[in-house]
Structures are given as C-alpha cells and as structure tokens.
Protein chains: 2
Amino acid sequence: MIDPRLITLRVFARCGTVGATAELTGYSPSAVSAQLRELQRMLGMQLLTKDGRGVRLTATGRFLVSGSDALIAEWERLRAAAMEAGDQVQSRFGLGGFSTAAAQLLAPLAAALRSTRPLLEVQVLEANPARCFDLLVAERIDLAVIVAMQSDTYVEDDPRFEQMVLLDDPLDVIIPGDHPLASRESVTLEELAGEPWITEAAGSTYHSLFTAAFTAVGVTPRIAHEAVEWETQIAFVGAGLGVGLLPRLAPLHSAENVVRLRITGKGRPSRRIVAAVRRGSIASPLVQESLGILQSSAQRILTARPEDER
Amino acid sequence: MIDPRLITLRVFARCGTVGATAELTGYSPSAVSAQLRELQRMLGMQLLTKDGRGVRLTATGRFLVSGSDALIAEWERLRAAAMEAGDQVQSRFGLGGFSTAAAQLLAPLAAALRSTRPLLEVQVLEANPARCFDLLVAERIDLAVIVAMQSDTYVEDDPRFEQMVLLDDPLDVIIPGDHPLASRESVTLEELAGEPWITEAAGSTYHSLFTAAFTAVGVTPRIAHEAVEWETQIAFVGAGLGVGLLPRLAPLHSAENVVRLRITGKGRPSRRIVAAVRRGSIASPLVQESLGILQSSAQRILTARPEDER
DNA sequence: ACCCATCATGCACCGAATGTGCACGGTTAT
DNA sequence: ATAACCGTGCACATTCGGTGCATGATGGGT
C-alpha cells in the first residue's frame, strides 16, 4: 500500500549501502539505485548524497525516514483493523526467527497456521535478530521470534516495532563428562571462573549475552575457543577443550561426554525470547492468532520446568 | 506514495459508481474496475459487492475508506514537513476553483506562482465546489477555492480536508434599469419580496444560497425563471423578466439596463469563499505561499470596499 | 411487458514502467 | 600501485497497467 520505494529507502536507512539494501529487499543493486533515484524525482526532494564510494542520507532523507515510521504504523493499524472488522486474513505471512531456540517456537507456529489456515502461504526465514528487524522493515516477514539483547539493535520502544515477551530461557553450563564438577547438579559461575570458555565470536548474537552473564557476577572469563554453531561448541566441550553456556531450549541431543548443569547463585543468566511485529500490525487477526500459539508454546515449555525456575 | 488504487477506492467511495470514478480520476472504467479488483486481491479483503447493476462498498470497504483518511493525512503531513525541512517544493501543483468569483482569486494566484516559481507546473481546473472536493480526494488538484455552503457537500471538520476562510462575498440585487427602485442605493429583501426572481436550477450550487438568503428574513420568493450562467441571468434581468441576486465579485460588465443595488436590513446575504486542501498538506511550503497570496488578494478586495461592508 | 439506457467487466492489444546482468568509474584500504 | 568495493549507467527482457470495444446484467420508461 505504501510505495515500495519508500520501504526501500527505509531499509537503506538501516543498512546504509545500496548493496546491502538490495540483498535485504531481494532486488538487484541497480534496481535499488533506480528506485531511490525515482523516489527523489517524484517527491522533488534530494534524499541522498555521495559520500566517498557510497551514498548517505541527507538531512531531508533522514527526516523523511524517521517520519515515515508513523505512516507505516498507521497503515499497519488500518490494515489490521480492517482485517479484523471484515473477518478476513491475508494470503501471505512471513515468519522470521533465529537459531534452534526460536525454531522450537517457530516450527510449531508454522505447522499450526498451516493446519488452521490451509490456503495461507506461510514462509519461514531463519535469520539472526538484527536481520530479523531488517526483514520486518523490508516487509519480507511479518513476525519475528528473536532473542532480546541489551545491544543497540534492540530498543524497547522503537517506533517501528512492537514486541512481546514470550519467555525467559535460562542458560545452562555444559562441561566435559570427565570434569570434576560433572557429577554436580548445579554450579555457580564463580566456580567455573578459571575454566577455559568456549563462545561465539565477539560481536555475534550470543557474545554480548555471554559477557553480560559474567559481568553480572563480576567475573571475567577466559575465552579459549570460538564456535559458531551450538553443535560445534558442544563437540568442543565433549573433546575436553573447555566449558560453555548453552540455552535450555537448545537440545544436547546425544552428545558424547557432555554434561549439562543448572546455574545457581546470584548470577542466573538467561536470554529473553520475544516476538516482534511491525508497529500497528499487532491487532491483525493473523498476528493475534500467532501470538496466542506462541504464548501457549511458551507456556508449555515453562510448565515442563521445575517450579523454581519459571 | 500511497498506492493509487487506494486513492481510486476513496474516489469510488465518494461517487459510488465505477464510471464516475473513472471520469474523476482520469482513468477508463475498465482500469478502475481492474484496480479495485487488484486492490481486493492484494489485501485479501472483499471490498465491493454487486448491487443491482452497479457495485457497492462492503462494510469492510467502508471501514477501510474511512480509516484511510488518517493515512492520507499522515502522508500529506509528512511530505509537507519534509518539504519544509528540506526547503524544497514539488514540481506539480493543481488548483481547482469555481465560477467567476473563484477565478478572480485563482487567476492571480496562478500568475504569481508562475512568476515566483518558473519551473513549477501549475494546472488550473475549473469545477464546482463538490467536484473540487472530489478532485482533491482524487489528488488531481492540491488546492481548491470554493464557495462554502451549508449543504452536505461541505463539512467544516471533514477528516479529509482543511479549510481556511478567505473572505465573505456579499450578494447584491440586480434589477432592471427602469424598475421603480433602480434609483435607490440599497434595498431590503423584504422590499423585493413580490418580484419575480431569477435563479439557478434547484440543486445547483447557488440555489441553496439563494433560498438561505430568503429564509433568513422569512420571505418566500417567487421563482419565475432559471438561468445557469451569470451572464444569462443578467440578460434576463436586463430584459425586464425579473430581479436576481449577484455576488459582489461577479462583474456586471457593460450590461444594458441593469442596476446593481446593495442589500441592507437584517438579512445581509453573502457567500463564504474558502480555500481547501487535503488534510495535512497545509504546512507544505507551496500551500503556505498560495494561502498567503490568496489572503492578500482577499485583503485587497476587502479594502476596496466601503468600511461598513467588510 | 418490452425495450433501451446504464453500469460493470472481460478480453485483445499496446505502451510504459521496472526489473536484471554486465560493464564502468570513482574511492578507499593494503 | 593494485585490488576490492560501491554505486550507477546502459541494453535488454518482462511484466504490469491502461485503453477501447464488446458483452452481460439490471432497472426505469413507455
């Protein structure tokens, strides 16, 4: 409904380069360039300036982008209200999510939607949280299940999004089966302060979560190895290379020589899993139904846990 | 920026038939039909129902149309603000107006804009007030100078428009030169109650104004003849067929045997001339400049009048 | 009751808008 | 200096969207 060129401009405002905008929106770089040029022509505004080998938003461009938040939200609100009033649903629904954890919530959701609305075209995109927000802006997806972080990519009251907490997923410790603490039921982070830690690369989604967990208890861990996938990390731990943190929702499968321990003590790290939609679309019947399914999934996960860990 | 199909739907909501919508928007009926069908498909909503030999908005359709007022206004606001922030103006500007009176304000405006902004493409459309509002909705014009009436086509606080009073244009009486009262400087409507009146056809723009003038003083005039153009009405009066009301701004030219008299007494009928724009666009630099020009034109007209008639 | 006016819509056709892929020029980093 | 990167222009293809005409359906006029 809103001119797709404006959406493209908004995506550009997020990622800053034409190439990245093209990748996110699904267009070619030439198309993005042409769209932005056409947008400027039709509005009679100069929105971009050359900046080195790239382009940059002008003040007018930034103004337009930030002001368009309200416009987009207004449209989403209107569409949602009309959908509800007319008791109708759209034909396409894009879901985004990250990692195995989100998959545990997204997969049931997609399956449920597929059964209740057989003629609804559901598309699931796996992407990290930051990219999920990008995809929401680019209107490639309509709902994202992501891990909230206290980084700059996550702002509670962003005018572009509305968010809803689904559950807090505690982090466990995984240690080699032959580790002295392997027979324990739970440990504190302080007890593991001296261990060689395995985590993701700095700047990654979970690295900030990792450091946040330790700064909370005032310990500085020694990072020995880095792994991208959970599976790799688990394998490293099984090989006795060190210890690591693993979200409760991430399955250990049949990992050899790896033990999962609860963390006790004052530092009880967890990651917050939230659902995010474009602002205004929260009232849409499909979003409402999806949120309900997600919440019941989350509830089911929570009730399966011991009383004191909810 | 807003999908033109939604604009088309809004125009349809005003005039009710595909054909009229096509005429107003400048499309062919087939195009309007296709657009509305495509709009329903892309939104997944049923907006129209067959109704006899025509089509009618569904409840969802009406909801969407009324809700879209805020969306359109939001966009106009954003564009206006960005224009102002970036100190830039659009390339096209459509003006609408009615009758000779509005032309006296519109022509100077168009001329002034043409000189101050040489590369601005100014288009003037003559149309009656109701059609001017339609053209505003259809985005064919951006500013209209119309005669405010207490009919259903004019609502003070319509969510789609913003209006601004320019001036009140008093109505004069025109009578034949050989009429007993022709030597008077002013008359009251009561004095002319028994005369045969000449007016426009019932339902026309000025007929309601005409009747309103007489109901204000409690007189029911005898309507003897009907004329569409001022010129015709003046000629009728000159031929001694009756008397009529003529707005001050309508020139009498060199009409033979016709005298224009001021109206005094408690009923001092006048028509209110207002400028109208789409809601939100009032802050646009071009609109601001136009309103300034219109107001100074109005001021010039007012100062040319005797003190007691302003 | 018949006929015609009116209205919306489907279809064939056409043009313009908009996409892609590739090559090029300018800019920064190594 | 060279290579990598980024944006953009150009040729080309495709698709979207509009027109004009014919058709079907409905309701008012006589």
Side-chain angles (χ1 to χ4, degrees), chain A residues 1-58 60-62 65 91-92 134 138-140 203, chain B residues 1-58 60-62 64-65 91-92 121 134 138-140 203:
Chain A
M1 186 53 46
I2 309 296
D3 195 304
R5 299 180 198 90
L6 182 63
I7 308 299
T8 302
L9 182 73
R10 287 166 56 82
V11 176
F12 175 85
R14 275 187 73 85
C15 55
T17 77
V18 171
T21 307
E23 195 279 329
L24 263 169
T25 53
Y27 291 116
S28 66
S30 320
V32 170
S33 181
Q35 279 191 15
L36 296 178
R37 184 155 30 87
E38 172 62 14
L39 184 66
Q40 295 181 88
R41 196 199 58 78
M42 76 185 283
L43 292 180
M45 306 181 193
Q46 187 173 351
L47 303 172
L48 301 171
T49 328
K50 280 190 182 175
D51 180 35
R53 60 182 165 185
V55 288
R56 183 171 41 86
L57 282 178
T58 64
T60 312
R62 278 191 300 276
V65 167
S91 61
R92 213 197 74 87
D134 288 343
E139 305 198 346
R140 293 273 299 277
Chain B
M1 185 55 44
I2 308 296
D3 194 307
R5 300 181 201 90
L6 183 63
I7 308 299
T8 302
L9 182 73
R10 288 165 57 81
V11 175
F12 176 85
R14 275 187 74 85
C15 54
T17 77
V18 171
T21 308
E23 195 277 328
L24 263 170
T25 53
Y27 291 117
S28 67
S30 321
V32 170
S33 181
Q35 280 191 15
L36 295 178
R37 182 155 31 87
E38 172 63 14
L39 185 66
Q40 295 181 88
R41 196 199 58 77
M42 76 183 285
L43 291 180
M45 306 181 194
Q46 187 173 352
L47 304 172
L48 302 171
T49 328
K50 282 190 182 175
D51 180 36
R53 60 184 163 184
V55 287
R56 183 171 41 86
L57 282 179
T58 63
T60 311
R62 278 191 299 276
L64 185 67
V65 167
S91 60
R92 214 197 74 87
E121 193 182 323
D134 289 342
E139 307 199 345
R140 293 273 299 277

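A note on names: the letters A, B, ... follow the listed sequences, proteins ahead of strands, and every chain is numbered from 1.
Contact detail for A:C15 and A:T21: the closest heavy-atom pair is SG-OG1, 3.3 Å. Nearest heavy-atom pair, A:T25 versus A:A138, reported as atom, atom and distance to 0.1 Å: CG2-CB, 4.4 Å. Of all the heavy atoms in A:M42 and A:R5, the pair that sits closest is SD-NH1, 3.7 Å. Shown here for A:R92 and A:E139, the closest heavy-atom pair between the two residues is NH2-O, 4.4 Å.
C:dT18 atom P lies 10 Å from atom OH of A:Y27, rounded to whole Å.
Between A:R53 and A:T17 there is no side-chain heavy-atom pair separated by less than 4.5 Å. With contacts defined as side-chain heavy-atom distances shorter than 4.5 Å, the pair A:F12/A:V32 does not qualify.
Listed for the B:E121 side chain is no donor-acceptor partner under 3.5 Å among the backbone atoms of B:S91. A donor-acceptor contact shorter than 3.5 Å links the side chain of A:T58 to the backbone of A:Q46.
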Hey, what are the protein-to-nucleotides 1-5 of chain C N/O distances that come in under 3.5 Å?
none

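Scanning atom types as modelled, one donor and one acceptor separated by under 3.5 angstrom connect the side chain of A:S30 and the base of C:dG21. Not a single donor-acceptor contact under 3.5 angstrom links the side-chain atoms of B:S33 to the base of C:dG10.
Taking every heavy atom of residues 34-52 of chain B and every atom of DNA chain D, pairs under 4.0 Å involve B:Q35, B:G52, by number.
The residue A:R56 sits apart from the nucleic acid: no heavy atom pair falls under 4.0 Å.
Closest approach to the A:T17 side chain among D:dC6, C:dA8, C:dT9 is made by D:dC6 (side chain taken as heavy atoms from C-beta onward).
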